Asks: 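Input: one structure, supplied below.
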Amino acid sequence: MNIAKTYQPTEAEEKWYQYWLDHKFFRSVPDEREPYTIVIPPPNVTGVLHMGHMLNNTIQDVLVRRARMKGKNACWVPGTDHASIATEAKVVAMLKEKGISKKDLTREEFLKYAWEWKEKYGGIILEQLKKLGASCDWDRTRFTMDEDLSEAVIDTFIHLYKKGWIYRGVRMVNWDPQGKTAVSDEEVNRKEVNQKLYYIQYKIVNSEQSIVSENSETHHSPFTTHYLTIATTRPETIMADTAICINPNDERYKHLHGKKAIIPLINREIPIILDEYVEMDFGTGCLKVTPAHDLNDYNLGIKHNLPVIDILNDDGTLNEKAEILVGVDRFAARKKIAVLLEEAGQLEKVEDYKSQIGFSERTDAVIEPKLSMQWFCKMEEMAKPALDYVLKGDIKLIPDKFVNTYRHWMENVHDWTISRQLWWGQRIPAWYNEKGQWVVAKTKEEAENEFRVSGLEFSVLTQEDDVVDTWFSSWLWPISVFDGFKDPNNADINYYYPTNDLVTAPEILFFWVARMIMAGHEFRGEVPFRNVYLTGIVRDKLGRKMSKSLGNSPDPLGLIEQYGADGVRVGMLLSSPAGNDLMFDERHCRQGSEFANKVWNAFRLIKGWEVNDQLENTNKVTIDWFKSRFSQALAEIESNFAQFRLSDALMATYKLVWDDFCAWYLEMIKPAYEHPIDRETYTQTIKFFEDVLKILHPFMPFITEELWHDELFGERSEKDCCIVAQMPEIGQINTQLLSEIETIKQVVTAIRKTRDSKQISQKETLALSVKVNSEIEYSDYQLIISKLANVGEFTLVNDKVAGAVSFIVSKDEFYIPLTENIDPVAEKERLLKEKEYLLGFLKSVNAKLSNERFMNNAKPEIIENELKKKADAETKLKIIEENLASLAD
RNA sequence: GGGAGUUUAGCUCAGCUGGUUCAGAGCAUCUGCCUUACAAGCAGAGGGUCACUGGUUCGAACCCAGUAACUCCCACCA
């Protein structure tokens, strides 16, 4: 036999992936079969594969391959996302390297570069997915900025605008001064940061004389001086203050009511206003109100009709409204202001202080609350039905603990800021005239028409500069990939939509999943998918999130090279229950590749057998047993899949293959070295092996396909492939046979243990006598025991065998005569120990049975069981006592 | 500050409506084997006060209350 001792994945993987592509096994078109559909969560078009993708796409591929093998018309739609902020940032960086600045380019020029970049790097990630074995229908690959998909975005924008759900307004937004764009609340990461709390004195107007005259210089309380003190973490914004606010109930500051204060350094007068919003016991009880740079202050400003002074430029530097430090960055300005205040004698003290600060998810810059004109999408009406779908169970979240989180979010939903100050994306279809009046329309011509209809004057219309948020295109993904907007009644959308399962990360449950549900309801009146499987975050062994900056993420393609795609897939799935974070450990991949090797070697064994047609089949019981065992395991696997318990399904498969098939079945039927095997056993075994390959295929597509085509299985037609084989069905399960074989296994194990403890070599043949007290026909199993435990003489006896090592399995007594090695003292000790245990056990069972309340309250089957436990224990005890007695003889 | 979740063997996790023989798996560990499918293997073994404290019950890893630690989400205390 000339087959490698170990499985070599690389070559097989390339060969079979190409074969599958060539034979269009991933291709799906509507037909009469039941569809099974997954749309990929589109990865960032310029991204590269990371461990999160590996996990996510392995799961999707397992589901898709399984559905395909169960006779469904499986369709997995791949694609990529244009990811405006991330991609635009990359393009800007690339241009910078070339010495080109974005602001020197026109929009068109910039977009030309961006598209070039996309053409060059876009889709790398999809190529990487192929290495993993992803069975996507590549003919359906979509990009969120494909013409049709962009058009859908514009059409839905107009649709929602007409419904009154999209509006424009000045809002406090999360401004990213580095990306120079607004980001949504969900894209802001809050982190606790060590800061300084600055105590700054503001003079009070016209109070100097009166207070000073009323109070002698020696006694003056801090509350009646000619100044007040505020505490702030952001002294650089004092120039934007438009009021000081105190709590009207604050006794300390009654004298300030109706007064004015003076901003230090720039000496501008601002009113002192009263509002219960101010906490009296925080800081000094005086709050500086800066409507342009703080959301609370903004709201306070609206309430009290305060002016808004914005002193920051888009890049975070101070503008001329600040009067001082113009052009200085906000953080540098903070330090300088502190110095200036100190010099002016108006900085009372500085304290260390911890508080939460927002950081941009994309650029990690500190978020600046900023007032700006933005586009918004109302969420309330869309959130309601989207919540109901989940609460009613039309959409299942897996695991369901996410339902609570989902509900909480949907009940407290904020309007969605959909505009982004970027160029890479779908440009908002709004058109302005010279006066800033505007309409929403698909084209310039339509817009001009709108203007005419409404009687507004214009000479030239300009389109809105902003693009929509990327999620405003990806929320349409399950519909737009099937052209459900362009052609709402086409064959594809009618057949594939709603899709079945969505596999994604919990952190985008609201960004993306919730919004897809809203869009599904709004634009199709239907859910977009039935089940949402939420994967965990891939972390390293120390529990840290895998990230580029930490450098703790292994290179996925490197892993595939090392362990094979099958090995890595198994490794990813071994310990990743839905919703739990996955503590990635390369050892799991090794376990996966070792498993592949095990399968490979099972193949080598069978492949090496020679058949002799003259031989009689002596393995009927074993074959029957494995049939039952296979069905039993299959039922378990099916049930695990039904509950999306993929790692359990994999583990059940793993154990079936390794333990039941390899360790027990093959060892039971294996002919002696260089002996032939009978035809029937051979044929059955090949059939079993083929079934094993099938159930393994979704997890390990490559090795199974490789083996599938071996001549061992006879002639295969070109299209007879494991990938499209029909999954085995659950057959008859003979539970009696299963339990009897379990007993036989215990007998074998007991004999092996005896060998171990008496240091008898496996090569030495032993004799075995059985005193049968149960119903088991040991003659049926004699061959199995003999083979697996190297037993020669096998006798059924009616009496105890003296001078032998004994053990009991279920009720039956086994004796191995061992004249040389037997040690009566040790044997007695062992028996006494077992007796002691049984007595204790009986005591606890009897305690239960004699407890009146137990007998009255416990269910009948529980009592019956206790009685059985008692009887079994008594039987065993009797045998042990007899054995002890015979030892004493 | 509010809400949710987690805590079971060295590690990662099962344990369904409380009830089979002092709690299970995989990996890791230990011991013995290079037995012609596989040392990426085989055979065997050890390992747990089910976070803690109370309670309910004939009976609790499971139900209830409290405590502690960790994780995540939400939130406008300067």
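Order of the sequence lines fixes the chain letters, A, B, ..., with proteins taken first and strands second; residue numbering starts at 1 for each chain. Predicted, not measured: the structure shown is a model, and the values here were computed from it.
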Asks: Between A:Arg645 and B:G15, is there a contact of a side-chain N or O with OP1 or OP2 at under 4.0 Å?
Replies: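 True: A:Arg645 side-chain N/O within range (under 4.0 Å) of B:G15 OP1/OP2.
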
Asks: Kindly say if A:Trp609 contacts the phosphate of B:U36, meaning a side-chain N or O under 4.0 Å from OP1 or OP2.
Replies: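 So the side chain of A:Trp609 is outside the cut-off, no N or O lying under 4.0 Å from OP1 or OP2 of B:U36.
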
Asks: What about A:Trp409 and A:Tyr406, are their ring centers closer than 6.0 Å?
Replies: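 Between A:Tyr406 and A:Trp409, which both carry aromatic rings, the centre distance is not below 6.0 Å.
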
Asks: Rounded to the nearest Å, what distance is computed from the CG atom of residue A:Asn857 to the C1' atom of nucleotide B:U56?
Replies: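 Whole-Å distance recorded here is 14 Å.
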
Asks: Taking only side-chain nitrogens and oxygens of A:Lys598, does any of them come within less than 4.0 Å of OP1 or OP2 of B:C42?
Replies: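 A:Lys598 to B:C42 OP1/OP2: side-chain N or O found under 4.0 Å.
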
Asks: Whole angstrom is fine here: how far is it from CD in A:Glu586 over to C1' in B:A28?
Replies: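 Spelled out: CD on A:Glu586 to C1' on B:A28 is 16 Å.
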
Asks: Work out how far the P atom of B:C16 is from that of B:C72, and round it to whole angstrom.
Replies: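 Comparing P positions in B:C16 and B:C72 gives a spacing of 27 Å.
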
Asks: Please check the phosphate of B:A78 (OP1 and OP2 only) for any side-chain N or O of A:Tyr199 closer than 4.0 Å.
Replies: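 Indeed not, no polar side-chain atom of A:Tyr199 lies that close.
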
Asks: Quick check on B:A78: is either OP1 or OP2 less than 4.0 Å from any side-chain nitrogen or oxygen of A:Thr290?
Replies: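 Answer no for this pair, as no side-chain N or O of A:Thr290 is under 4.0 Å from OP1 or OP2.
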
Asks: For a quick test of reading the model: is some side-chain N or O of A:Arg590 closer than 4.0 Å to OP1 or OP2 of B:A40?
Replies: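 So the side chain of A:Arg590 is outside the cut-off, no N or O lying under 4.0 Å from OP1 or OP2 of B:A40.
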
Asks: State whether A:Lys5 places a side-chain N or O below 4.0 Å from either non-bridging phosphate oxygen (OP1 or OP2) of B:A40.
Replies: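 No, no such contact exists.
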
Asks: Which whole number of Å gives the distance between the C1' atom of B:G1 and that of B:C11?
Replies: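 The same atom, C1', in both gives a distance of 36 Å.
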
Asks: Rounded to the nearest Å, what distance is computed from the CG atom of residue A:Asn247 to the P atom of nucleotide B:C77?
Replies: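 About 18 Å, once rounded to whole Å.
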
Asks: Got a minute to check which stems RNA chain B is part of, using Watson-Crick or G-U wobble pairs under 3.5 Å, three or more consecutive?
Replies: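 Consecutive-pair runs (3 or more) involving RNA chain B: B:1-7 with B:68-74, B:10-13 with B:24-27, B:29-33 with B:41-45, B:51-55 with B:63-67.
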
Asks: Ignoring backbone atoms, test whether A:His414 places a side-chain nitrogen or oxygen under 4.0 Å from the OP1 or OP2 oxygen of B:A75.
Replies: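 Yes, because at least one side-chain N or O of A:His414 sits under 4.0 Å from OP1 or OP2 of B:A75.
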
Asks: Examine distances only and state if a side-chain atom of A:Asn851 and a backbone atom of A:Ala847 form a donor-acceptor pair shorter than 3.5 Å.
Replies: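 No; judged by distance alone, with no hydrogens or angles, the pair does not exist.
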
Asks: Can you check the distance between B:A60 and B:G2, where both ends of the measurement are the C1' atom (answer in whole Å)?
Replies: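 Looking at atom C1' only, B:A60 and B:G2 are 32 Å apart.
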
Asks: Looking only at side-chain N and O atoms, does A:Arg604 come under 4.0 Å of OP1 or OP2 in B:A37?
Replies: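 No, no such contact exists.
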
Asks: With a cut-off of less than 4.0 Å, is there a side-chain N or O of A:Lys870 near OP1 or OP2 of B:U20?
Replies: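 Answer no for this pair, as no side-chain N or O of A:Lys870 is under 4.0 Å from OP1 or OP2.
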
Asks: Counting just side-chain N and O atoms, does A:Lys670 come under 4.0 Å of either OP1 or OP2 of B:A37?
Replies: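 Yes, such a contact exists.
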
Asks: Can you check whether any acceptor in the base of B:A28 is under 3.5 Å from a donor in the side chain of A:Gln591, or vice versa?
Replies: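 Looking at the base of B:A28, it does not pair with any donor or acceptor on the side chain of A:Gln591 (distance under 3.5 Å).
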
Asks: On a whole-Å scale, what distance lies between the P atoms belonging to B:A51 and B:A14?
Replies: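 The same atom, P, in both gives a distance of 14 Å.
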
